[in-house]
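Let me begin by presenting the structure, written as structure tokens, before commenting on it.
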Amino acid sequence: DRSVSRGLGDVYKRQREYNVAETEKLLAKKLENIEPEKIVSPEPYVAVPALQAISYSMNSDELRELYANLLAKSMCIDTKNSVHPSFVEIIRQMSPLDAATFKIILNADLRPLIDMKIRSPKSVGGGTNTIFRNVSWILTYPYKQLMVSFDNLERLNLINISDSYYTHSENYQLATNTSFYVTNKHIILNNLKSGESYEEDKKVMFVTDLGNLCLLYTSPSPRDTERS
């Protein structure tokens, strides 16, 4: 039906134009404190795919912020060489929730994780069953959605979930003091069957070198230019 196709086309065109216009506003704001002589044309291999991705991206403030920061860094002579063309593809594969979660992770000083497990009695093999994995300090989003974001951020090599652990047990209070942990540990302990025991594996989340290099949440600042 031509009317349906035309209607969908109009919606897409309006959304595409809106996304680009909003990103341009963000970009102008991010560059307003940079000396004019420091602003350069971005490399086409960064700018072209970024603008294409912006036009097709969902209506998300989080993703527009990432694209605007990417473009801003690519247009500042002191930061443009730190922008890798793969960053566009990384953002393209992130959801708004991934973007918001990654921002929380980057801003965290400690990133403790806990696996909550039940160990079966030796009479039936003594194995463990993980009930909740990677319980974290983040309470902003539902647990299951957060696990999807963790998996995707790790797939994109922005974070690494390691079996290493903090030697200071108090670092894990960020996770153990959350309502999610307290509530679910209580439920698990109250529902243990005869011979079962509760166990935990303490882990750490790291931001990878790629994740730190991206740092797409920071736009270029006058201090960047002062260091050049």
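Along the sequence shown, residues are numbered consecutively beginning with 1.
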CE-CD1 distance between M75 and I34, expressed to the nearest 0.5 angstrom: 11.0 Å
Which value, rounded to the nearest 0.5 Å, describes the distance between I161 atom CD1 and M205 atom CE? 4.5 Å
Any donor and acceptor pair, going by atom type alone, linking the side chain of H168 with main-chain N or O of E170 inside 3.5 Å? no
Under 3.5 Å: donor-acceptor pair, side chain of Y45, backbone of H84: no
Between L113 and S136, what is the shortest heavy-atom contact and its length? CD2-CB, 3.6 Å
Do S95 and D98 meet the criterion of a side-chain donor-acceptor pair at a distance under 3.5 Å? yes
Can you check side-chain contact (heavy atoms from CB on, under 4.5 Å) on Y141 and S149, steps first, answer last? CA-CA 10 Å; Y141 307 106; S149 277; over 6 Å; no
Look at the side-chain heavy atoms of Ile, Leu, Val, Met, Phe, Trp and Tyr, link any pair under 4.5 Å apart, and say whether L26 and V83 land in one connected group. no
Would you say M94 ends up clustered with L106 if hydrophobic residues are merged whenever their side chains have heavy atoms under 4.5 Å apart, either directly or through other cluster members? yes
Do V204 and N171 come close enough that some side-chain heavy atom pair is under 4.5 Å? no
How long is the gap from CG on L156 to CZ on R92, to the nearest 0.5 Å? 12.5 Å
Counting only heavy atoms not in L174, do more than 12 sit closer than 6.0 Å to its CG atom? yes
Following the transitive rule for hydrophobic clusters with a side-chain heavy-atom cut-off under 4.5 Å over Ile, Leu, Val, Met, Phe, Trp and Tyr, establish whether L139 and L153 coincide in one cluster. yes
Exceeds 12 heavy-atom contacts within 6.0 angstrom, atom CG of N177: yes
Would you say Q145's side chain and P142's backbone share a donor-acceptor pair under 3.5 angstrom? no
Backbone of P42 reached by a side-chain donor or acceptor of S74 within 3.5 Å: no
Donor-acceptor under 3.5 Å (T130 side chain, K117 main chain): no
With side chains defined as the heavy atoms from C-beta onward, is the minimum distance between P121 and E196 less than 4.5 Å? yes
Residue pair S164 / F206: nearest heavy atoms and the distance that separates them: OG-CE1, 3.5 Å
Quick one: does E65's side chain get under 4.5 Å of K30's, heavy atoms only? yes
Say you draw a straight line from CG of N157 to OG1 of T208; how long is it, rounded to the nearest 0.5 Å? 4.5 Å
Derivation of the side-chain contact (heavy atoms from CB on, under 4.5 Å) call for R155 and Q93: CA-CA 10 Å; R155 180 185 67 83; Q93 296 182 57; 2.9 Å; yes
Would a distance-only check, ignoring hydrogens and angles, find a side-chain to backbone donor-acceptor pair under 3.5 Å from Y172 to Y165? no
When rounded to the nearest 0.5 angstrom, what is the spacing between SG in C76 and CG in L71? 13.0 Å
Report yes or no: does R111 contribute a side-chain atom to a donor-acceptor pair with the main-chain N or O of I105 at less than 3.5 Å? yes
Any donor-acceptor N/O pair, S60 side chain to L63 backbone, under 3.5 Å: yes
Assess whether side-chain contact (heavy atoms from CB on, under 4.5 Å) is satisfied between Y67 and E22, documenting all intermediate values. CA-CA 11 Å; Y67 283 121; E22 289 300 300; over 6 Å; no
Honestly curious: do V148 and L146 fall in one hydrophobic cluster under the side-chain, below-4.5 Å linking rule? no
Indicate every side-chain donor-acceptor pair of residues 178-185 with a distance under 3.5 Å to a residue at least two apart or in another chain.
unit_1	atom_1	unit_2	atom_2	d
T178	OG1	A175	O	2.7
T178	OG1	Y181	N	3.3
Y181	OH	K185	NZ	3.4
Y181	OH	E200	OE2	2.3
T183	OG1	S179	O	2.8
N184	ND2	F180	O	2.8

Per the salt bridge (Lys or Arg N to Asp or Glu O under 4.0 Å) rule, which among D201, D115, D151 passes with R133? D151
Going through the distances and angles, do L66 and F102 end up as a side-chain contact (heavy atoms from CB on, under 4.5 Å)? CA-CA 11 Å; L66 290 182; F102 188 49; over 6 Å; no
Honestly curious: do V48 and V46 fall in one hydrophobic cluster under the side-chain, below-4.5 Å linking rule? no
dist T101:OG1 -> F150:CZ (nearest 0.5 Å) comes out at 7.0 Å
